[in-house]
There are 2 protein chains.
Amino acid sequence: MLSYTEENYLKALLKLSFQNEDKPEAGTNEMAAHLGVKPATATDMLKKLKEKELVNYKKYGKILLTESGKQQALEILRKHRLWETFLYDKLDFSWDEVHEVAEQLEHIQSAKLVDKLEEFLGFPEFDPHGDPIPKANGDLPVLEKILLSEVKEGEICQVVAVKDTSTVFLQYLEKLQITIGTAIKVLERIDFDGSMSIQISDEEARNVSMKFAESLFITLHHNICQQK
Amino acid sequence: MLSYTEENYLKALLKLSFQNEDKPEAGTNEMAAHLGVKPATATDMLKKLKEKELVNYKKYGKILLTESGKQQALEILRKHRLWETFLYDKLDFSWDEVHEVAEQLEHIQSAKLVDKLEEFLGFPEFDPHGDPIPKANGDLPVLEKILLSEVKEGEICQVVAVKDTSTVFLQYLEKLQITIGTAIKVLERIDFDGSMSIQISDEEARNVSMKFAESLFITLHHNICQQK
DNA sequence: AACATTTGTTAGGTAAGTCTAACTTTTATA
DNA sequence: TATAAAAGTTAGACTTACCTAACAAATGTT
Ligand SMILES: [Mn+2]
Ligand SMILES: [Mn+2]
Ligand SMILES: [Mn+2]
Ligand SMILES: [Mn+2]
């Protein structure tokens, strides 16, 4: 049985491995930063996780999840995203409130609870942020998504996920009335600074920065599973 | 903010204070036994809780919750019983499975979560064991209940709660098909050993021991809030 | 190749929560 | 009331997860 803290390290490593798409590995400092601890602390924990054969790691080398570590990390991510869906769908939490509470709920130990919760929610495939919810066997539903910044002029797309999950960004989205499923039409791309003029739903045109366009995942196919 | 462990000590003290009805106080050994730790450990924690003014305690003396400690303990009990109700009502957990998971869920920190959960469950007053769920302000719903052993011959009563919450007892109840709300008629009381002959719902007569009759709370009025 | 910067490790220390073993105080009983 | 038993405390030690400060290895830059 893993401790609360060990679980957080595994989940951090899984998330970093998603980010560094090419090579699913991470460094000590990167891990530490992600978890809000000092590098020395991460080194200690990594040695412990290596002992338990949850990560592959040697001194001064890169860190990689073992198969066992990956499965456990996926299970935690599964719980996190199911709980986020519960809070959003059933308890009327808003988009930017669910994460903090799910960070706690993801550590509840009960296989039955997770499976019953999934059933109660109707076997959702994506969480309120549009991220895929791992299945009980570890499979990840996939959704073809690209960044808003990659969309050509004149095309219409639909928001499926956020790349940046910071509260400031989520609140900015709320202000813009952008949520999972919102339709966006790219009116004009400004080469000068990477910004673009977009139309949100049926509202008036609006300019967004390159940073913004690179923080939002969309799909060109209108086939996503609406969250609400 | 209290730690997971501190919360468990406060809740234990509240439970013991319910048990020792006359004087709502407890001893160090009693606390330790209830929490599954050694008395020395309890002494340490009690000193810490005293520092935080959550308990009244002095060396070799009895332990009592302060008003602040009691409020916090009630809040934890509230969460525990709401979660038990959620697991039972919404996720089809059985009577004897809910407690273990609620022990973990009761420590989730989010005022909004508790209140939304209560609303989602329809403001239940009693948990699946028939125990009252503290309101947000700390008030406890009351239900006039007596032990099955106190019921006179010929009277019909209705199960409202269990005094013994051990798994063996709960499973025995399940076998007898006794649940919250089950009607029981006392057919005969045997003075010799305190056992009694009872009729459960509309089934055939059955003998139960004094120990059994003293472990089950019932109400003579048929006005309880059915759990399911 | 030499040096500077970044990255990662080690050593030593702290706080929370637990333990055992030895001790003290209170309570019960002969 | 003297003594035995029960209840409670203290001292010292362990584990987990964290820190700072000093050090070592790897990497990047002239
Ligand atoms: Mn999240
Ligand atoms: Mn999410
Ligand atoms: Mn319970
Ligand atoms: Mn209960």
Side-chain angles (χ1 to χ4, degrees), chain A residues 1-13 16-17 19-20 22-65 69 72-73 76 103-104 106-107 109, chain B residues 1-13 16-17 19-20 22-65 69 72-73 76 103-104 106-107 109:
Chain A
M1 176 129 307
L2 299 178
S3 74
Y4 185 105
T5 308
E6 289 169 329
E7 292 195 342
N8 281 334
Y9 277 81
L10 290 187
K11 195 182 54 152
L13 197 40
L16 290 172
S17 84
Q19 260 173 312
N20 312 354
D22 36 334
K23 290 260 164 168
E25 41 175 47
T28 304
N29 287 2
E30 204 178 6
M31 285 284 289
H34 197 269
L35 289 159
V37 299
K38 300 292 162 175
T41 307
T43 299
D44 284 348
M45 180 58 84
L46 257 5
K47 285 194 278 198
K48 208 168 90 185
L49 294 176
K50 186 208 169 128
E51 270 315 296
K52 297 195 175 185
E53 300 189 33
L54 295 163
V55 304
N56 282 133
Y57 161 72
K58 59 175 96 75
K59 254 210 225 182
Y60 296 105
K62 288 294 170 189
I63 309 146
L64 209 79
L65 283 169
Q72 306 228 37
I76 300 156
E103 281 294 310
Q104 300 177 61
E106 72 192 1
H107 301 288
Q109 305 283 351
Chain B
M1 176 128 309
L2 299 178
S3 74
Y4 184 106
T5 308
E6 289 169 328
E7 291 196 343
N8 281 333
Y9 277 82
L10 290 187
K11 195 182 55 152
L13 197 40
L16 290 172
S17 84
Q19 259 172 308
N20 311 355
D22 36 334
K23 289 262 164 164
E25 42 176 45
T28 304
N29 287 1
E30 203 179 7
M31 285 284 289
H34 197 269
L35 289 158
V37 298
K38 300 291 162 176
T41 308
T43 299
D44 284 350
M45 180 57 84
L46 257 4
K47 285 194 277 196
K48 209 169 88 183
L49 294 176
K50 186 207 168 131
E51 271 315 296
K52 298 194 174 184
E53 300 188 34
L54 295 164
V55 304
N56 283 133
Y57 160 72
K58 59 174 97 75
K59 253 209 225 182
Y60 298 105
K62 287 295 170 189
I63 309 146
L64 210 78
L65 283 168
Q72 306 228 37
I76 301 156
E103 281 295 310
Q104 299 177 60
E106 73 191 1
H107 301 289
Q109 303 284 353

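As the structure is a prediction and not an experimental result, all values here were calculated from the model. Residue numbers begin at 1 in each chain, while the letters A, B, ... track the order of the sequences.
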Participant: Say you draw a straight line from CG of A:Asn29 to NE2 of A:His34; how long is it, rounded to the nearest 0.5 Å?
Facilitator: 14.0 Å
Participant: Counting any heavy atom closer than 4.0 Å, what does B:Thr43 reach on the DNA or RNA strands: base, sugar-phosphate only, or nothing?
Facilitator: base
Participant: How many Å lie between OH on A:Tyr4 and C1' on D:dT15, as a whole number?
Facilitator: 19 Å
Participant: Does C:dA16 have OP1 or OP2 sitting under 4.0 Å from an N or O in the side chain of B:Ser3?
Facilitator: no
Participant: Does A:Lys47 have a side-chain nitrogen or oxygen under 4.0 Å from the phosphate oxygens OP1 or OP2 of C:dT10?
Facilitator: yes
Participant: Less than 4.0 angstrom from a charged side-chain N to a carboxylate O is my criterion; do B:Lys11 and B:Glu103 meet it?
Facilitator: yes
Participant: Give the rounded distance in Å between these two atoms: NZ of B:Lys58 and P of C:dT26.
Facilitator: 12 Å
Participant: When the distance from OH of B:Tyr57 to C1' of D:dA7 is rounded to whole Å, what number comes out?
Facilitator: 11 Å
Participant: Do we see a donor-acceptor contact under 3.5 Å between the side chains of A:Glu7 and A:Gln109?
Facilitator: yes
Participant: Within a reach of under 6.0 Å around CD of A:Glu53, are more than 12 heavy atoms found that belong to other residues, nucleotides or ligands?
Facilitator: no
Participant: Which whole-number value in Å describes the distance from B:Asn8 CG to C:dA16 C1'?
Facilitator: 14 Å
Participant: In whole Å, what is the span from the CD1 atom of A:Ile63 to the P atom of C:dT7?
Facilitator: 13 Å
Participant: Whether B:Tyr9 contacts C:dA16 is assessed here as follows: a side-chain N or O lying under 4.0 Å from the phosphate OP1 or OP2. Is that the case?
Facilitator: no
Participant: Using a 4.0 Å heavy-atom cut-off, does A:Ala42 contact any base of the nucleic acid, only the sugar-phosphate backbone, or nothing at all?
Facilitator: nothing
Participant: C:dT10 phosphate, OP1 or OP2: any side-chain N/O from A:Lys59 under 4.0 angstrom?
Facilitator: yes
Participant: Rounding to an integer number of Å, can you tell me how far A:Asp44 CG sits from C:dA15 P?
Facilitator: 18 Å
Participant: Look at all strands and tell whether A:Thr41 reaches a base, only sugar-phosphate, or nothing, counting heavy atoms closer than 4.0 Å.
Facilitator: base
Participant: Using whole Å, report how far NZ of B:Lys38 lies from P of D:dG12.
Facilitator: 21 Å
Participant: Does C:dA16 have OP1 or OP2 sitting under 4.0 Å from an N or O in the side chain of B:Thr5?
Facilitator: no
Participant: Which of the following nucleotides, C:dT20, D:dC18, D:dG8, is nearest to the side chain of B:Thr28?
Facilitator: D:dG8
Participant: Under 4.0 Å: is that the gap between some side-chain N or O of A:Tyr60 and OP1 or OP2 of C:dT6?
Facilitator: no
Participant: Looking at every non-hydrogen atom in both residues, tell me the closest pair between A:Leu64 and A:Pro24 and how far apart they are.
Facilitator: CD1-O, 3.2 Å
Participant: Could you give the CE-to-P distance, from A:Met31 to C:dT6, as a whole number of Å?
Facilitator: 22 Å
